[in-house]
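Have a look at the structure below before the remarks.
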Number of protein chains: 2
Amino acid sequence: MRKDQTRTPDRRSSIRVAIADNQTIFRKGMSSLLNETETVKVVSESNNGRELLLKVKKEEPDVILLDANMPVMCGIETTANLKKLHPEVKVLVLSAFNDRKQIIRLIKNGAHGFLLKDTSIENVLEGIYAVMNNGYYLNKMMSEAMFNVNKVPLSPSSKGILSIREIEIIKLLSQEMKNAEIADKLFINIRTVHRHRENIRIKINVKNVSGIVMYAIKNNLLD
Amino acid sequence: MRKDQTRTPDRRSSIRVAIADNQTIFRKGMSSLLNETETVKVVSESNNGRELLLKVKKEEPDVILLDANMPVMCGIETTANLKKLHPEVKVLVLSAFNDRKQIIRLIKNGAHGFLLKDTSIENVLEGIYAVMNNGYYLNKMMSEAMFNVNKVPLSPSSKGILSIREIEIIKLLSQEMKNAEIADKLFINIRTVHRHRENIRIKINVKNVSGIVMYAIKNNLLD
DNA sequence: AAAAATTTGGGTATAAATACCCAGTTCTCA
DNA sequence: TGAGAACTGGGTATTTATACCCAAATTTTT
């Protein structure tokens, strides 16, 4: 356990922060702004959740700034893995979207704090200090989400991993294509498209195409 | 005209860049990374398109880095205004989404280049130099969009400005609510919701709810 | 080779959205 | 105060999506 481990003074003197975000410029910006503060030191940068997980053990961050909207491995899945593999590390999630359901999912999967990406560096620092000192960071969005935490019938988030074909379907219907058009494009029967859509909705636990499109964007499925 | 104006050497020595983006951290990151290059100088930062427009005349940027997905005034509307008011300034648009229709709209409204936000600072610099030297910046995404420029029946983008009520409707249907639920929530008849949805689709020129949700996200309408 | 998952296709039924048409009331701004 | 926009409500019909049932062929994994 890291808490029992002897650490050199320079390591203990500041909060060790790891950043995972697929936007290089945002990542670098965050990094340089944080490093202007002496109490914080950025020890690791990753392009996505999978990369991050490979580095955590070696870099020993105290806090992880995690983008919720990454491709390859999304924020929720990464959070769940972090909780399992490195429960002592605090996870502060940043998202471009203020989505109550997503926030609740993150909390349930072990996130310690949440911030919108449209925020100031001061708020990020506040969040970092809070999770270090109190174990969690509560702001208005978090509170509202917590209040409704039992109202949202949330499925296990990482249970249903979408297949290649399903993601293909999602991309097309995000481009305003209807089932018949998707069937034509993919040379399959419209009934097959129906089935795929049904499976997709069940897997990600949404009610209709609106939910599918939102999910797609938040998980960086489109391109 | 600025090109006829005498400028002090220090002003002429580097490319003057203005940045408009609602994400402070991204903006600061971009700014500090660009300022590491001597050939480029960031002279202005804005939170949205409207703020930017107020500063352009005074700050005299050569190139504007414009986020496509801003609230208040979106990238397309800002681009159109820049073309009208400051045709000599080059506009390089950055977007979180690779959307062919959006790229075409931007080009038609006067953008000189396009980049995904998930890119490197080297690519941004490449874009800046290109628009300065050639007048435009072409990459793979732009080319593909240009190739289809006539296939896309694009309506005047800034023509239909959504009303408060319409945006309210959009927010609710982005939360997977169906017409009847929206009607209940807003204490109006379901026929009124129908009418709003119809008007929305016509204004933003999309085929169905999928297009509405995409539009909403790309224009930062949700919160 | 066996098991599991993916992809494919179908029947049937209802629920919901879309596409046109219509118009009165209210509100805002010039 | 007069014009235009916004918000409201309705008729009618068609198109699309959703829901829940079924299962065979193929691919991947174990």
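None of the values given here were measured: they were computed from a predicted structure. Labels below follow one simple rule: chain letters A, B, ... track the order of the sequence lines, proteins then strands, and each chain is numbered from 1.
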Legend entry - Ile164(A) atom CD1: more than 12 heavy-atom contacts under 6.0 Å: no
Legend entry - Distance in angstrom units between Arg191(A) CZ and dA24(D) P, rounded: 17 Å
Legend entry - Distance in angstrom units between Lys207(A) NZ and dA15(C) P, rounded: 16 Å
Inset, instruction - Taking the side chain as every heavy atom from C-beta outward, state whether Val213(B) and Ser174(B) have any atom pair closer than 4.5 Å. - result: yes
Inset, instruction - Take atom CZ of Arg201(A) and atom C1' of dA19(D), then tell me their distance rounded to the nearest Å. - result: 7 Å
Inset, instruction - Would you mind reading off the distance between Ile200(B) atom CD1 and dA17(C) atom P, rounded to a whole angstrom? - result: 13 Å
Inset, instruction - Rounded to the nearest angstrom, tell me the gap between atom CG in Asn199(B) and atom P in dA19(C). - result: 12 Å
Inset, instruction - On DNA chain D, check which nucleotide each of Ala180(A) and His196(B) is closest to and give me the residue with the more 5' one. - result: His196(B)
Legend entry - Cation-aromatic face contact Lys117(A)/Phe26(B), 6.0 Å, 45 degrees: no
Inset, instruction - Just compare dT8(D), dT8(C), dA19(D) and give me whichever is closest to any side-chain atom of Glu198(A). - result: dA19(D)
Inset, instruction - Step through the shown structure and confirm whether more than 12 heavy atoms of other residues, nucleotides or ligands are within 6.0 Å of CZ on Phe97(B). - result: yes
Inset, instruction - Indicate whether OP1 or OP2 belonging to dG9(D) is found under 4.0 Å from a side-chain N or O atom of Thr192(B). - result: yes
Inset, instruction - Establish, with yes or no, whether the OP1 or OP2 oxygen of dA17(D) is under 4.0 angstrom from a side-chain nitrogen or oxygen of Asn179(A). - result: yes
Legend entry - Atom pair distance, as rounded to whole Å: NE2 in His194(A) and P in dT15(D): 15 Å
Inset, instruction - Indicate whether OP1 or OP2 belonging to dA5(C) is found under 4.0 Å from a side-chain N or O atom of Ser163(A). - result: no
Legend entry - Interatomic distance, Lys203(A) NZ vs dA19(D) P [rounded to whole Å]: 17 Å
Legend entry - Rounded distance [0.5 Å steps], CD1 in Ile170(A) versus CD1 in Ile217(A): 11.5 Å
Legend entry - Arg197(B) vs dA17(C): side-chain N/O to OP1/OP2 distance below 4.0 Å: yes
Inset, instruction - Hey, which sits more toward the 5' end of DNA chain C by its nearest nucleotide, Ile169(A) or Asn208(B)? - result: Ile169(A)
Inset, instruction - Figure out the CZ/P separation between Arg195(B) and dC20(C), and round it to whole Å. - result: 11 Å
